[in-house]
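Take a look at the structure set out below.
Computation of the quantities below employed the complete heavy-atom set of this structure, encompassing side-chain atoms and omitting hydrogens, waters and symmetry-equivalent molecules. The chain is numbered in sequence order, starting from 1.
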Amino acid sequence: MKKSKAKILVVDDDAAIRQMLDVRLSMAGYDVATVADGQDALAFFEENQADLVVLDVMLPQINGFQVCRQLRQGSSIPVVMLSALADIKDRIAGLEAGADDYLVKPFSPRELEARIESILRRFRDPASARFVAPGTLEVGEIRIDSNRQQVYKGSDRIALTYTEFKLLELLFEQAGEPVSRAEILEKLWGYAPTRQGDLRVIDVYVARVRSKIEDDPKNPELILTIRGFGYVAQRRVSQLTLDY
């Protein structure tokens, strides 16, 4: 049975970028749709499905940060943000809005294609990720269902984005073992850090995950910080069920 093409929505007010990405991503085997502003992007999602969004930050009417936040209210679809804003605070703002990755303009189309391929491969086929263990992992009140990519705290399901889920899964599967921020970046995003700002991204995501799973995010008990290195999940694993 032939596998269906992944559909990518490109949102950018620059017609040249829309055309370039339409051609390149189509040649790479994707089904591509393009829109020029944030309102059209949100309208698209009311009527259509997509597998990933390439989203510019500087858009007319509704900027990319706002679009991403609205998408996150009802969807965990992967989002790659593009922006001419290179400052680390702008990159962090994009990730805090719910983006899965962030590329600064001018960007390499080949790098964007590689990021898209990596995200979609893990999103559509979780078993392809090296650190995924099939089954259910429980740490304290938190239960991670790797097969369904769902997380529960007690009986309540916790809404996590794809990247937040992968970060939590990675740390809990190595509970008790310190994981460096560089290792997290390489495993989740597929590239090694080239500047300090790359590692700051990990701190943003850990803070977001803590805000959703910790009783007191300011005094975390499940994910601890190893200053100057990375993070470690508490070794409180109570159950691991493997499904074959």
Salt bridge present between R110 and E113 (N-O < 4.0 angstrom):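 Judged by the 4.0 Å cut-off on N to carboxylate O distance, R110 and E113 do not form a salt bridge.
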R115 and D101 ion-paired at < 4.0 Å: yes
From [atom1] ([X]) to [atom2] ([Y]), nearest 0.5 Å:
{"X": "F65", "Y": "M81", "atom1": "CZ", "atom2": "CE", "result": "5.5 Å"}
{"X": "I184", "Y": "K166", "atom1": "CD1", "atom2": "NZ", "result": "14.5 Å"}
{"X": "E186", "Y": "S180", "atom1": "CD", "atom2": "OG", "result": "7.5 Å"}
{"X": "Q150", "Y": "D145", "atom1": "CD", "atom2": "CG", "result": "6.0 Å"}
{"X": "S26", "Y": "D31", "atom1": "OG", "atom2": "CG", "result": "7.5 Å"}
{"X": "I116", "Y": "L103", "atom1": "CD1", "atom2": "CG", "result": "8.5 Å"}

Can you see which heavy atom on [X] is nearest to which on [Y], and at what distance?
{"X": "I202", "Y": "R181", "value": "CG1-O, 3.7 Å"}
{"X": "V67", "Y": "A41", "value": "CG1-CB, 4.4 Å"}
{"X": "K7", "Y": "A33", "value": "CE-CB, 4.1 Å"}
{"X": "I223", "Y": "R210", "value": "O-NH2, 2.7 Å"}
{"X": "E164", "Y": "A159", "value": "OE1-O, 4.3 Å"}
{"X": "G98", "Y": "T161", "value": "O-CG2, 4.5 Å"}

Validation: residues 10-17 side-chain donor-acceptor distances under 3.5 Å, sequence neighbours left out:
unit_1	atom_1	unit_2	atom_2	d
D12	OD1	D14	N	2.8
D12	OD2	K105	NZ	2.9
D14	OD1	A16	N	2.9
D14	OD1	I17	N	3.4

Residues which pass side chain to side chain contact (heavy atoms under 4.5 Å, CB included) with N219, listed by chain and number, not counting sequence neighbours: D216
Is the shortest heavy-atom distance from the side chain of [X] to the side chain of [Y] under 4.5 Å?
{"X": "Y30", "Y": "D51", "value": "no"}
{"X": "L170", "Y": "K187", "value": "yes"}
{"X": "V80", "Y": "L55", "value": "no"}

From CA spacing to verdict: side chain to side chain contact (heavy atoms under 4.5 Å, CB included), I119, L52: CA-CA 9 Å; I119 290 173; L52 182 142; 4.0 Å; yes
Side chain to side chain donor-acceptor pair (under 3.5 Å) evaluation trace for D203 with Y231: CA-CA 9 Å; D203 301 332; Y231 297 92; 2.6 Å; yes
For [X] and [Y], indicate whether the former's side chain and the latter's backbone hold a donor-acceptor pair under 3.5 Å.
{"X": "S75", "Y": "L71", "answer": "no"}
{"X": "D56", "Y": "L59", "answer": "no"}
{"X": "E214", "Y": "E221", "answer": "yes"}
{"X": "N48", "Y": "F44", "answer": "yes"}

Stepwise salt bridge (charged side-chain N to carboxylate O under 4.0 Å, His left out) test for D100 and R72: CA-CA 11 Å; D100 292 277; R72 282 290 169 256; 3.0 Å; yes
Residues D215, K153; criterion salt bridge (charged side-chain N to carboxylate O under 4.0 Å, His left out); working and verdict: CA-CA 10 Å; D215 292 332; K153 184 173 184 179; 2.7 Å; yes
Linked hydrophobic residues, V232 as query - side chain contacts closer than 4.5 Å: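 L224, I226, F229, all in the cluster of V232.
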Working for side chain to side chain contact (heavy atoms under 4.5 Å, CB included), residues V151 and I142: CA-CA 7 Å; V151 177; I142 304 300; 3.9 Å; yes
Joint cluster assignment, L160 & Y152, ILVMFWY side-chain distance < 4.5 Å: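 Different clusters.
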Matching residue for L21 among T34, L82, V32 - test: side-chain contact (heavy atoms from CB on, under 4.5 Å): L82
Criterion side chain to side chain contact (heavy atoms under 4.5 Å, CB included) on S83 and V104, from CA distance to verdict: CA-CA 5 Å; S83 179; V104 176; over 6 Å; no
Whether over 12 other heavy atoms sit under 6.0 Å from Q61 CD: yes
Test side chain to side chain contact (heavy atoms under 4.5 Å, CB included) applied to F172 and L222, step by step: CA-CA 9 Å; F172 278 15; L222 296 174; 4.3 Å; yes
